[in-house]
Enquirer: 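To start, I am sharing the structure in question, which I have written as structure tokens.
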Amino acid sequence: MAQQIKQPQQAQLSITEQLAFSTVRIQVTTKEGSGTGTGFFFNFLDDGKQYIPAIVTNKHVVKGSLQGSFLLTSANDDGTPNLTLHIPVTLDNFESRWIPHPDDNVDLTIMLIAPILTEASQKGFKPFLIPFNKTIIPSDNQLKELTSVEDILMVGYPIGIWDQKNNYPIFRRGITATHPANDYNGKQEFMTDAACFPGSSGSPVFLFNV
């Protein structure tokens, strides 16, 4: 289901401020207890007019989850983020709402959120989020232009830590530990050297040479 939504006013926000509104803290409840993870907003099939909005995270974040919840930041009438007003979302049968990557070796899953955004708007809320799309993914040529050691930035919720009042994530810096263009041990992966903790799963990682 494609959805067309007016984009938020990104020009008034710095790059890192924009990144702060690209992620979401995912709280899950399973038979064993509760846990947290990170998701990020991504627009699939984005042609500049329509797209399919989704949240992306790791499969293991939502595995076995009976219920899940997260907060969306609300927007002011002028399109800027309202840090004092948040939109709570709680969903039952949480794991079944996600579409896992068909390859068992790829730890990724997505949840389509057009119905959630539409329902929020119908209730008078204007969700403020800044999604990514495929243009942010580097090409093979761009990867080859990098070096083995590049500065990276990870945005997420390590061990569930966050600024609850402002619905803000935690930023962590690190470096690439192997060359991003080279498959690590024959897999389409590369290593990073960064402080990762449970709850960081699903965090987007950015090249950040600023």
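One-based numbering along the sequence shown. Here the structure is a predicted model, which means the values were calculated and not measured.
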Enquirer: Just wondering, do T176 and S148 contact through their side chains at under 4.5 Å, heavy atoms?
Expert: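 The answer is no; the side chains never approach within 4.5 Å.
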Enquirer: Test side-chain contact (heavy atoms from CB on, under 4.5 Å) on L66 and N93; report intermediate values, then the result.
Expert: CA-CA 5 Å; L66 304 175; N93 304 313; over 6 Å; no
Enquirer: Work out which heavy atom in A54 is nearest to a heavy atom in L112; give both atom names and the distance.
Expert: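 Looking at all heavy atoms of both residues, the closest pair is CB-CD2, 4.1 Å.
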Enquirer: With a 3.5 Å cut-off and no angle check, do the side chains of H86 and S74 form a donor-acceptor pair?
Expert: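 H86 vs S74: no donor-acceptor pair found between side chains.
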Enquirer: Would F208 and I136 show up in the same hydrophobic cluster when neighbours are defined by side-chain heavy atoms closer than 4.5 Å?
Expert: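 Yes; I136 is reachable from F208 via cluster members.
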Enquirer: Does S65 use its side chain to pair, donor to acceptor, with the backbone of G68 at less than 3.5 Å?
Expert: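 Between the backbone of G68 and the side chain of S65 there is no qualifying donor-acceptor contact (under 3.5 Å).
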Enquirer: Return the minimal non-hydrogen interatomic distance between H179 and L146, and the atom names on each side.
Expert: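 Closest approach of H179 to L146: NE2-O, 2.7 Å.
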Enquirer: List the steps and the verdict of side-chain contact (heavy atoms from CB on, under 4.5 Å) for L91 and R97.
Expert: CA-CA 9 Å; L91 302 169; R97 296 175 182 270; 3.5 Å; yes
Enquirer: Where the side chain of D78 meets the backbone of T80, is there a donor-acceptor pair that is under 3.5 Å apart?
Expert: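 Yes; judged by distance alone, with no hydrogens or angles, the pair exists.
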Enquirer: Ignoring hydrogens and angles, tell me if any N or O in the side chain of Q67 forms a donor-acceptor pair with the backbone of T29 under 3.5 Å.
Expert: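 Not at all, since once roles are kept as given, no pair shorter than 3.5 Å links the two residues.
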Enquirer: Under a 4.5 Å cut-off applied to non-hydrogen side-chain atoms, are E150 and F190 in contact?
Expert: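 The answer is no, as the side chains (C-beta and beyond) never meet within the 4.5 Å cut-off.
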Enquirer: To the nearest 0.5 Å, what is the distance between OG1 (T73) and CG (L85)?
Expert: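 Interatomic distance, T73 OG1 to L85 CG, rounded to 0.5 Å: 9.0 Å.
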Enquirer: What are the two closest non-hydrogen atoms of T57 and T38, and how far apart are they?
Expert: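 For T57 and T38, the tightest heavy-atom pair comes out as OG1-O, 2.6 Å.
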Enquirer: Does CG belonging to D77 count more than 12 external heavy atoms closer than 6.0 Å?
Expert: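 No.
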Enquirer: For the residue pair S203 and V155, establish whether any side-chain heavy-atom pair is separated by less than 4.5 Å.
Expert: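 No - every pair of side-chain heavy atoms lies 4.5 Å or more apart.
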Enquirer: Atom CD in E119, atom CZ in F125: separation rounded to 0.5 Å?
Expert: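 Going from CD on E119 over to CZ on F125, the span is 10.5 Å.
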Enquirer: What is the minimum heavy-atom distance between S34 and Q27, and which atoms define it?
Expert: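 Reported closest heavy-atom pair: CB-NE2, 3.7 Å.
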Enquirer: Can you tell if the side chain of I52 reaches within under 4.5 Å of the side chain of D46, non-hydrogen atoms only?
Expert: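 No; the side chains remain at least 4.5 Å from each other.
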Enquirer: Counting N and O atoms only, with roles assigned by atom type, does the side chain of S200 sit under 3.5 Å from a partner on the main chain of C196, one being a donor and the other an acceptor?
Expert: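 Checking the backbone N and O of C196 against the side chain of S200, no donor-acceptor pair under 3.5 Å is found.
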Enquirer: Is there a side-chain contact between I55 and F41 in this structure, where contact means two heavy atoms from C-beta onward sitting under 4.5 Å apart?
Expert: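 Yes, at least one pair of side-chain atoms sits under 4.5 Å.
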Enquirer: Could you tell me whether the side chain of T23 reaches within less than 4.5 Å of the side chain of P204, counting heavy atoms only?
Expert: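 P204 reaches T23 side chain to side chain.
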Enquirer: Do D183 and Q188 have a side chain donor and acceptor closer than 3.5 Å?
Expert: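 The criterion, which ignores hydrogens and geometry beyond distance, is not satisfied for Q188 and D183.
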Enquirer: Quiz question: by atom type and distance under 3.5 Å, do the side chains of N82 and N76 form a donor-acceptor pair?
Expert: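 Checked: N82/N76 side chains pair up, N/O donor to acceptor below 3.5 Å.
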Enquirer: Do T36 and R25 have side chains that approach each other closer than 4.5 Å (heavy atoms only, starting at C-beta)?
Expert: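 Counting from C-beta outward, T36 and R25 do come under 4.5 Å.
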Enquirer: Quick one: which of I15, I152, D151, L19 gives a side chain to side chain contact (heavy atoms under 4.5 Å, CB included) with F206?
Expert: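 The side chain to side chain contact (heavy atoms under 4.5 Å, CB included) with F206 is passed solely by L19 among I15, I152, D151, L19.
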Enquirer: Distance-only, no hydrogens or angles: does the N58 side chain make a donor-acceptor pair with backbone N or O of D107 under 3.5 Å?
Expert: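 Answer holds: yes.
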Enquirer: Taking the six-membered ring where the residue is Trp, are the ring centres of F21 and Y168 under 6.0 Å apart?
Expert: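 Between F21 and Y168, the centre distance is under 6.0 Å.
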Enquirer: Do L207 and M191 belong to the same hydrophobic cluster, where Ile, Leu, Val, Met, Phe, Trp and Tyr are linked whenever their side-chain heavy atoms lie under 4.5 Å apart, directly or via other members?
Expert: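 Result: no, two separate clusters.
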Enquirer: Mark yes when over 12 heavy atoms from residues, nucleotides or ligands other than K63 sit less than 6.0 Å from its NZ; otherwise mark no.
Expert: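 Incorrect, the count does not exceed 12.
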Enquirer: Between N141 and S139, do the side chains contain an N or O donor and an N or O acceptor separated by less than 3.5 Å?
Expert: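 N141 vs S139: no donor-acceptor pair found between side chains.
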Enquirer: Is there a path of hydrophobic side-chain contacts, each under 4.5 Å between heavy atoms, that joins I99 and F40?
Expert: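 Both belong to a single hydrophobic cluster.
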Enquirer: Mind listing the closest non-hydrogen atom pair of Y157 and P169 along with its distance?
Expert: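 What the structure gives for the nearest pair is CE2-CA, 3.4 Å.
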Enquirer: How far apart are the closest heavy atoms of P158 and I170, and which atoms are they?
Expert: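 Closest heavy-atom pair between P158 and I170: CD-CB, 3.8 Å.
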Enquirer: Answer yes or no: is there a donor N or O on one side and an acceptor on the other, between the side chain of T192 and the main chain of A194, under 3.5 Å?
Expert: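 No: the side chain of T192 does not pair with the backbone of A194.
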Enquirer: Please report the C-alpha distance between I87 and L71 in whole Å, then the side-chain angles of each, then the deciding distance to 0.1 Å, and finally whether the side-chain contact (heavy atoms from CB on, under 4.5 Å) criterion is met.
Expert: CA-CA 5 Å; I87 306 166; L71 288 180; over 6 Å; no
Enquirer: Contact between D140 and Q142 at the side-chain level, heavy atoms closer than 4.5 Å - yes or no?
Expert: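 Side-chain contact under 4.5 Å: no.
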Enquirer: When you group the ILVMFWY residues by side-chain heavy-atom contacts below 4.5 Å and let the links chain together, are F94 and L117 in the same group?
Expert: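 Cluster IDs for L117 and F94 match.
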Enquirer: Test side-chain contact (heavy atoms from CB on, under 4.5 Å) on L108 and K59 and set out the steps.
Expert: CA-CA 5 Å; L108 289 174; K59 292 177 183 175; 5.7 Å; no
Enquirer: Given side chain to side chain donor-acceptor pair (under 3.5 Å), test T109 with H101 step by step and report yes or no.
Expert: CA-CA 6 Å; T109 187; H101 193 285; over 6 Å; no
Enquirer: Under 4.5 Å between side-chain heavy atoms, hopping through other hydrophobics if needed: is there a path connecting F70 to W162?
Expert: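 Looking at the clustering, W162 is in a separate group from F70.
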Enquirer: Would you compute the distance between atom CG of L45 and atom CG of N133 and round it to the nearest 0.5 angstrom?
Expert: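 It is 11.0 Å, given to the nearest 0.5 Å.
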Enquirer: Quick one: pull up NZ in K134 and CG in N43 and give me the separation to the nearest 0.5 Å.
Expert: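 The distance works out to 12.0 Å.
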